[in-house]
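Bear in mind that the values here come from a model prediction, so they are computed numbers and not experimental data. Both ligands and their constituent atoms are indexed starting at 1 by order of listing.
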Amino acid sequence: KPRTFSGIQPSGELHLGNYLGAIKNWVAEQEHYENFFCIVDQHAITVPQDPKLLRERTCSLFALYLACGLSLEHCVLFVQSHVAAHTELAWLFNTITPMNWAERMIQYKEKKEKQGEETSVGLFSYPILQAADILLYQPKFVPVGEDQRQHIELSRDIARRFNDRFGEVFRIPEALIREEGARVMSLTDGTRKMSKSDPSDLSRIHLLDDADTVRKKIQKCKTDPIRGITFDDPARPEANNLLTIYRLTSGKSKEAVAAECADMGWGQFKPLLADSVIAALEPIQKHYHELWNNPDHLLHLMRENAAKARTIANQTLQTARDAMGFLPA
Ligand code: TYM
């Protein structure tokens, strides 16, 4: 089976964008691949994190991976900082990556804007650590949402450059971006992506939001004054986004949803959308709370999976070290 690798930062609560753009597709296709899904805690610390919250969110994200339906039969689920090879390979890559490749990264430029003088060296070399994450596992595919395309492109460039200089060590991976859900937008502005770092909680639905919260957020979300809810109208980004969320959470086809909602007013559509989102989240939340009640079991699984990841990562790291001319330790 072809291998996949992907990761999510434990930097905030998981939201519908992460779910519909990434995890839901991972779950749906997991049987066709040998999967590695990582919780990238070392990426999270490239902007300030509270240590207690980071610990909690890392563990919570591990439970959510399982609760969303990722199976340990098909997936290795692990925490980045448990596998030291990631940061070691990132250092090697730092030395072969031109500054201007990293300077071009859109996510870096956006975050730098917010961090200002506090922007860390880590934030700058963030995508180089991401390249190390991916390339250590020699995956064929990297399933992600649209916003990660540029980072995967950089990983490919770094792999090529390493191979050119030191011999064929790394497989060149491909981004796997499913059109469905690739870009879930904010509830308060249909032209911006739903994001963990948006200061407004109302802009996103968290996977662990209870039914009342989901209803309230959808009640308050931005709409437009037009009657009849339609897909793909560039003048109506909110309508397209909310309809897409309805389609993906209900499992209905685009045609069916288009026909169902063509003549609806917002007052009729919003409760329908809320019901659909709540129904999609309910089984995930139930499973999550069961897992959360047994933290020892979660920690045990985490260690066991880290050991599996470590074995593969260390093999690749060893080859890269040899190729670059390091003496064996
Ligand atoms: P992160 O944690 O921001 O997001 C995790 C995944 O969710 C997707 N995503 C979205 N998809 C659709 N609509 C949205 N609004 C939306 N917001 C987020 C992202 O595309 C991603 O697939 N740099 C990565 C983490 C990372 C990584 C890796 C990913 C580190 N190492 C190696 C892949 C491979 C990030 O910040 O994702």
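Linking ILVMFWY side-chain heavy atoms closer than 4.5 Å, directly or via other members, places Ile172 and Val169 in two distinct hydrophobic clusters.
Classification of Lys109 and Glu103 as a salt-bridged pair fails, no side-chain N sitting under 4.0 Å from a carboxylate O.
Cation-pi geometry between Lys308 and Phe78 is not met at under 6.0 angstrom from the ring centre and within 45 degrees of the axis.
Polar contact check, Asp147 against ligand 1: a nitrogen or oxygen pair lies under 3.5 Å apart. Ligand 1 has no N or O atom lying under 3.5 Å from any N or O atom of Glu146, backbone or side chain. Between Gly17 and ligand 1, a contact under 3.5 Å exists for at least one N or O pair. Checking only distances, Asp133 does come within under 3.5 Å of ligand 1, N or O to N or O. Below 3.5 Å of separation, one finds an N or O of Val184 facing an N or O of ligand 1. Between His15 and ligand 1, a contact under 3.5 Å exists for no N or O pair. Considering backbone and side-chain atoms together, Lys193 places no N or O closer than 3.5 Å to any N or O of ligand 1.
Distance from atom 22 (O) of ligand 1 to its nearest protein heavy atom, with residue and atom name: Gly145 N, 3.2 Å. Looking only at protein heavy atoms, the nearest one to atom 23 (N) of ligand 1 is Tyr126 OH, 2.7 Å.
Taking a cut-off of under 4.0 Å to the non-hydrogen atoms of Val144, the atoms of ligand 1 that pass are 22 (O), 33 (C). Each of the following atoms of ligand 1 lies closer than 4.0 Å to a heavy atom of Arg183: 12 (C), 13 (N). Near Met194, meaning under 4.0 Å from any of its heavy atoms, are these atoms of ligand 1: 14 (C), 15 (N), 17 (N).
For the residue pair Thr119/Tyr108, the side-chain donor-acceptor check at 3.5 Å is not satisfied.
Side-chain contact between Ile39 and Ile8: absent, with no pair of heavy atoms (C-beta onward) separated by less than 4.5 Å. Residues Val76 and Tyr137 are not in side-chain contact: their nearest non-hydrogen atoms beyond the backbone lie 4.5 Å or more apart.
In Ile106, the CD1 atom is not crowded: 12 or fewer heavy atoms of neighbouring residues, nucleotides or ligands sit closer than 6.0 Å.
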